[in-house]
Amino acid sequence: MKKVYLDNAASTQIDDRVVDVMIASMKEDIGNPSATHSYGQEGKSKIEWVRKNIARLLNVSASEIIFTSGGTESNNLIIRSCVEDLGVKRIITSPLEHKCVLETVRNLKEKHRDLELIFLPVKNHKGDLDFDFLEEELKNEKFTLVSLMHANNEVGNLTDIKFAADLCKKYNALFHSDTVQTMAHYALDFSEIPLDFAACSAHKFHGPKGAGIAFIRKSTGLKGVITGGAQERNLRAGTENVYGIIGLGKAFELSISELEERKSKIEKLKKYAIQQLKTNFPEIKFNGYSEDLEKSIYTLLSVLFPFPNTMVGFQLDLKGIAVSQGSACASGAAKPSNTMLQLYSSEELENTTTLRISFSHYNTQSDVDELVNALKEI
Ligand code: PLP
């Protein structure tokens with residue numbers, strides 16, 4: 001049976017060239033990077049090379065790149081330290097954030113009674129956030145962290161993070177963006193976007209699972225949450241994941257150097273999928289802005305079918321096709337995801353089925369054809 005993998009927003013197939021550099025490092029870099037002998041120092045110098053290279057690609061300085069285990073850890077580190085070390089008194093975020101942001105801010109609110117937690121209103125079915133509301137709130141210059149994701153992982157909506165970051169600067173608020181779905185998928189230049197913090201995860205762009213970055217602007221003075229070692233400039237104690245970092249570096253570099261080629265291939269596939277789905281299921285809708293190539297991330301399409309089938313993900317899986325029913329964290333769940341419930345009422349979602357189809361440059365038109373044929377059979 002041919003495998004059709006269309007769940008790239010959850011995780012991507014690792015690139016063979018990434019595997020190669022990781023295997024070489026596993027064989028060569030046997031020492032602890034904190035050791036002073038050459039067995040350790042060789043690994044350490046490779047880590048520092050990756051750090052410099054990623055800093056160059058993001059147009060930041062190398063000391064602003066901290067290696068972590070991925071998006072969840074990076075977001076936790078940033079948000080928790082903002083409250084617990086920097087003394088942030090108010091967090092403004094959106095109800096459409098990934099669980100690792102939503103649960104973290106709720107947890108902090110429980111622990112710190114004086115912390116104010118504000119969610120931006122979602123203005124409509126498309127998922128537009130109320131930026132006028134944000135500006136009104138920011139006029140009260142309480143020490144604030146604003147956290148807004150760059151691309152939503154369920155419906156793909158893109159947030160104008162340059163606009164949000166400029167607004168935060170104007171009112172002296174800190175700005176964090178969960179850029180897990182966009183980092184290495186877009187050529188982000190952080191010298192032009194005045195954000196303070198961002199998160200990245202290698203397995204979203206054909207790198208290894210369990211490796212990521214926290215971007216921490218030098219001037220913010222954040223502190224580490226994991227203690228017990230001076231690694232990563234005291235911001236993340238623990239022996240470095242040398243092979244993971246080397247794999248992350250390779251995957252990042254390849255994604256940026258092949259970005260235009262991959263993007264145009266994936267955009268064509270997404271357009272083709274939209275057209276095929278509309279032709280075969282004229283009654284379907286697309287969630288958020290996922291049908292709009294300007295306003296949503298090019299790798300993701302979220303579809304709403306006007307009939308209930310909580311088993312469709314499993315039925316597709318039996319046919320060798322992987323998509324996500326809701327986000328990866330909620331996959332297999334029968335009830336609508338938090339994000340969908342922010343866009344529609346539970347009544348509106350009755351008798352519907354949501355599928356997230358997410359692409360990579362490894363996909364082909366025949367993957368889309370197989371998906372559409374399987375959906376027709378189901
Ligand atoms: N943030 C977003 C937007 C994501 O899509 C994900 C992954 O699903 C994460 C954070 C978590 O990243 P990781 O799997 O590296 O912990």
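FYI, the numbering just counts along the sequence from 1. These figures come from a predicted structure and were not determined experimentally. Ligands are counted one by one from 1 in listed order, and the atoms in each one are counted from 1 as well.
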Classify the ring geometry between His185 and Tyr298 as parallel (under 30°), tilted (30 to 60°) or perpendicular (over 60°).
perpendicular
Counting each atom of ligand 1 from 1 as listed, which ones have a heavy atom of Gly70 under 4.0 Å away?
15 (O)
Which heavy-atom pair separates Arg113 from Lys109 by the least distance, and what is that distance?
O-NZ, 3.4 Å
Where does Val180 meet ligand 1, judged by heavy-atom distances below 4.0 Å: at the side chain, the backbone, both, or neither?
side chain
Ligand 1 versus His203: contacting region, heavy-atom distance under 4.0 Å
side chain
Within the distance-only criterion (no hydrogens, no angle test), does the side chain of Glu97 pair as donor or acceptor with the backbone N or O of Met149 below 3.5 angstrom?
yes
Between Asn157 and Lys126, which heavy-atom pair has the shortest distance, and what is it?
ND2-O, 2.7 Å
Residues Gly288 and Leu343: closest non-hydrogen pair is N-CD1, 4.0 Å
Is there a polar contact, in the sense of an N or O pair closer than 3.5 Å, between Glu73 and ligand 1?
no
Counting only heavy atoms closer than 4.0 Å, does ligand 1 sit against the backbone of Met149, its side chain, both, or neither?
side chain
Can Cys100 be said to touch ligand 1, with heavy atoms closer than 4.0 Å?
yes
Identify, by atom number and element, the atoms of ligand 1 in contact range of Lys204, meaning under 4.0 Å from any of its heavy atoms.
5 (O), 6 (C), 7 (C), 8 (O)
Provide the closest heavy-atom pair for Gln365 versus Leu269 in the form atom of the first, atom of the second, distance.
N-CD2, 3.5 Å
Return the option from Ser69, Ala199, Gly71, Ser324 holding the heavy atom at the smallest distance from atom 13 (P) of ligand 1.
Gly71
Would you say the side chain of Pro33 lies within less than 4.5 Å of the side chain of Thr239, judging by non-hydrogen atoms?
yes
Closest non-hydrogen atom pair between Leu167 and Phe131, with its separation
CD2-O, 4.3 Å
Ligand 1 and Ser201, any nitrogen or oxygen pair closer than 3.5 angstrom?
yes
Residue portion contacting ligand 1 (non-hydrogen atoms closer than 4.0 Å) for Ala10:
neither
Would you mind listing which atoms of ligand 1 come within a distance below 4.0 Å of any non-hydrogen atom of Thr72?
11 (C), 12 (O), 13 (P), 16 (O)
